[in-house]
2 protein chains.
Amino acid sequence: MATGRTHRPATRSRGIPEATVARLPLYLRALTALSERSVPTVSSEELAAAAGVNSAKLRKDFSYLGSYGTRGVGYDVEYLVYQISRELGLTQDWPVVIVGIGNLGAALANYGGFASRGFRVAALIDADPAMAGKPVAGIPVRHSDDLEKIIEDNGVSIGVIATPAGAAQPVCDRLVAAGVTSILNFAPTVLSVPDGVDVRKVDLSIELQILAFHEQRKAGEEAAAASDGAAPVAASRDAASADKGPDGDVPAVMPA
Amino acid sequence: MATGRTHRPATRSRGIPEATVARLPLYLRALTALSERSVPTVSSEELAAAAGVNSAKLRKDFSYLGSYGTRGVGYDVEYLVYQISRELGLTQDWPVVIVGIGNLGAALANYGGFASRGFRVAALIDADPAMAGKPVAGIPVRHSDDLEKIIEDNGVSIGVIATPAGAAQPVCDRLVAAGVTSILNFAPTVLSVPDGVDVRKVDLSIELQILAFHEQRKAGEEAAAASDGAAPVAASRDAASADKGPDGDVPAVMPA
DNA sequence: ATGTCTTTGTGAACGCGTGCACAAAGATGG
DNA sequence: CCATCTTTGTGCACGCGTTCACAAAGACAT
């Protein structure tokens with residue numbers, strides 16, 4: 001049990017590095033698990049292992065929040081859960097709208113982790129009139145004509161876009177015009193937004209392509225040194241395609 | 001934005017920086033759009049705008065691949081599409097398995113962008129016997145008993161985990177043991193894998209929490225304009241959170 | 001009280017990624 | 001062939017993030 005604390009209100013709490021912010025939810029998840037197991041305190045080493053990061057990094061991350069640990073003991077789990085929750089803004093309620101109730105949108109609406117931590121699905125919105133009124137995850141779908149009104153009535157500041165690529169930018173513009181200032185974009189498009197609006201994107205296709213790159217590299221390393229210079233452009237494809245066979249998909253354009 | 005993770009010290013991917021690799025799919029998408037509009041060449045400035053990045057960054061990224069541009073003109077679109085595709089390993093076919101066919105898994109299976117670029121859903125796998133044989137996105141679901149056999153028969157090296165959190169690590173272990181070396185994890189858990197296996201994670205909850213942090217910060221800055229003047233910068237955070245109104249689930253541990 | 005032992009918090013060094021700014025390369029026109 | 005103009009490719013400097021390593025802080029035993 002943690003004892004006497006001389007915690008000052010963290011004089012430098014402004015300016016938490018972005019990389020640290022991105023890890024706070026990870027720590028919070030690990031801490032919540034510990035809390036449910038009624039673990040009173042945890043060391044940076046243990047918590048770091050649970051969160052899958054380096055312990056020095058974790059300690060430095062926490063140092064941006066303040067001095068919340070006790071030397072020789074570790075961190076009080078409950079206290080830290082609260083501090084991180086507060087820092088992330090999870091002690092308040094965030095109404096969220098999901099726009100585009102297709103396969104993905106429906107899956108997101110059903111996602112349990114949504115409501116678990118301060119986020120509340122205020123409305124599901126779709127452009128298809130046939131969807132209107134139909135309940136998804138227990139919430140009736142609203143037509144996109146009502147988008148602005150829904151945003152305003154519920155004080156929504158976070159929007160999730162799960163529309164097809166072509167509809168994403170128009171939807172985004174409407175969301176922003178209606179007052180949304182944070183957007184989570186699942187559509188495979190680059191959104192352009194005015195200053196002051198945050199956009200984060202989740203892109204399955206990009207993630208897979210990054211994995212494919214590393215996968216190819218691994219395969220190429222095993223298959224000995226297939227020297228692949230930059231100059232011999234034409235037939236450098238033999239590198240790692242042993243079982244490839246013909247593919248008629250290669251662009252014929254090959255400038256000299 | 002999805003956050004990539006788990007990189008061992010040796011991240012020298014033939015000299016291409018990780019940050020560059022992560023942007024290549026973005027360039028590829030923009031280039032494909034240009035290609036479909038039969039645009040023959042594009043300048044770094046134009047392409048950068050389309051991809052939502054800085055033009056200097058784009059040129060530096062391309063410089064890691066080689067000298068594929070023509071000064072005074074720009075880049076040949078078709079040629080660049082091919083070069084990037086090859087670099088990312090998209091000129092070959094990547095069989096992929098999706099494990100966990102719930103709401104999310106089904107949505108992923110239906111996702112069009114999957115097959116569009118070298119990725120082929122080799123199998124859908126679920127632990128629920130009632131799901132077995134049932135077609136999802138035109139593909140019959142297989143039971144997880146057959147996981148190892150499916151991996152081996154199809155030469156799968158990329159696995160997608162869309163199971164509940166509790167099942168993710170065991171599934172991951174089985175995938176890795178069966179030969180999978182790249183994993184895309186949608187379950188809200190930190191996966192531990194042996195060296196040589198790449199893991200990328202996509203976590204809706206984390207993305208929302210990051211947005212919430214920035215959202216709270218924006219709200220706090222507006223309120224700071226009408227500040228009382230007692231504690232202008234640092235301690236205003238405590239005051240700001242105190243005015244968040246009643247929220248019932250604050251941990252009791254609240255040291256003064 | 002004093003010493004020992006554990007663990008935090010952080011100064012400092014290092015490496016990666018970004019953006020600037022410009023010389024070199026090549027196209028284009030006369 | 002020469003001059004001019006456009007755009008690439010990159011050297012360089014800077015800032016952020018990571019990691020190391022250790023002094024300081026506190027718990028705990030004697």
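Every chain is numbered from 1, with letters handed out A, B, ... down the list of sequences.
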Spacing of [X] atom [atom1] relative to [N] atom [atom2], expressed in whole Å:
{"X": "A:Y75", "N": "D:dA25", "atom1": "OH", "atom2": "C1'", "result": "13 Å"}
{"X": "A:L58", "N": "C:dT7", "atom1": "CG", "atom2": "P", "result": "14 Å"}
{"X": "A:F62", "N": "C:dT10", "atom1": "CZ", "atom2": "P", "result": "14 Å"}
{"X": "A:R23", "N": "D:dC16", "atom1": "CZ", "atom2": "C1'", "result": "12 Å"}
{"X": "A:E46", "N": "C:dT6", "atom1": "CD", "atom2": "P", "result": "14 Å"}
{"X": "B:K57", "N": "D:dC16", "atom1": "NZ", "atom2": "C1'", "result": "13 Å"}
{"X": "B:Y64", "N": "D:dG9", "atom1": "OH", "atom2": "C1'", "result": "11 Å"}

- Task: Using the test ring-ring contact (aromatic ring centres under 6.0 Å, His included), find all partners of B:Y27 that sit at least two apart in sequence or belong to another chain.
- Result: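 Scan of B:Y27 (ring-ring contact (aromatic ring centres under 6.0 Å, His included), adjacent residues dropped) gives B:F62.
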
- Return the angle between end axes of the helix from C:dA1-D:dT30 to C:dG30-D:dC1, with five pairs used per end and rounding to 10°.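 Roughly 10° between the end axes, to the nearest 10°.
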
- Going 5' to 3' along nucleotides 20-30 of chain C, which nucleotides have protein heavy atoms under 4.0 Å from the base (write B), which only from the sugar-phosphate (write S), and which from neither (write -)? BB--BB-S---

- Message: One thing to verify: whether A:D198 and B:R217 come together as a salt bridge, which I'm taking to mean a side-chain N less than 4.0 angstrom from a carboxylate O.
- Response: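 No salt bridge links B:R217 with A:D198.
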
- Just wondering, do B:F186 and B:L108 contact through their side chains at under 4.5 Å, heavy atoms?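 Heavy-atom side-chain distance check passes, below 4.5 Å.
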
- Query: Between the side chains of B:T32 and B:E36, does any donor sit under 3.5 Å from an acceptor?
  - Reply: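 No, no side-chain donor-acceptor contact under 3.5 Å.
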
- Query: With sequence neighbours left out, what residues match A:T181 under side chain to side chain donor-acceptor pair (under 3.5 Å)?
  - Reply: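 Expected list: B:E215.
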
- Query: What residues form a side chain to side chain donor-acceptor pair (under 3.5 Å) with B:D173, not counting sequence neighbours?
  - Reply: B:Q169

- Query: Can you tell me if the side-chain N/O atoms of B:S44 get under 4.0 Å from OP1 or OP2 in D:dT8?
  - Reply: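 For D:dT8, OP1 or OP2 has a side-chain N or O of B:S44 closer than 4.0 Å.
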
- Message: Mind checking if B:E45 touches a base, just sugar-phosphate, or nothing, with heavy atoms under 4.0 Å?
- Response: nothing

- Supply the atom-to-atom distance A:L47 CG to A:L58 CG, rounded to the nearest 0.5 angstrom.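 Here the rounded value is 5.0 Å.
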
- With rounding to the nearest 0.5 Å, note down the distance linking CG in B:L31 to CG in B:L80. 5.0 Å

- Query: Which pairs with one or both residues in residues 47-71 of chain A pass salt bridge (Lys or Arg N to Asp or Glu O under 4.0 Å), sequence neighbours excluded?
  - Reply: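 Every salt bridge (Lys or Arg N to Asp or Glu O under 4.0 Å) pair that includes a residue of residues 47-71 of chain A, provided the two are not neighbours, is A:R23-A:D61.
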
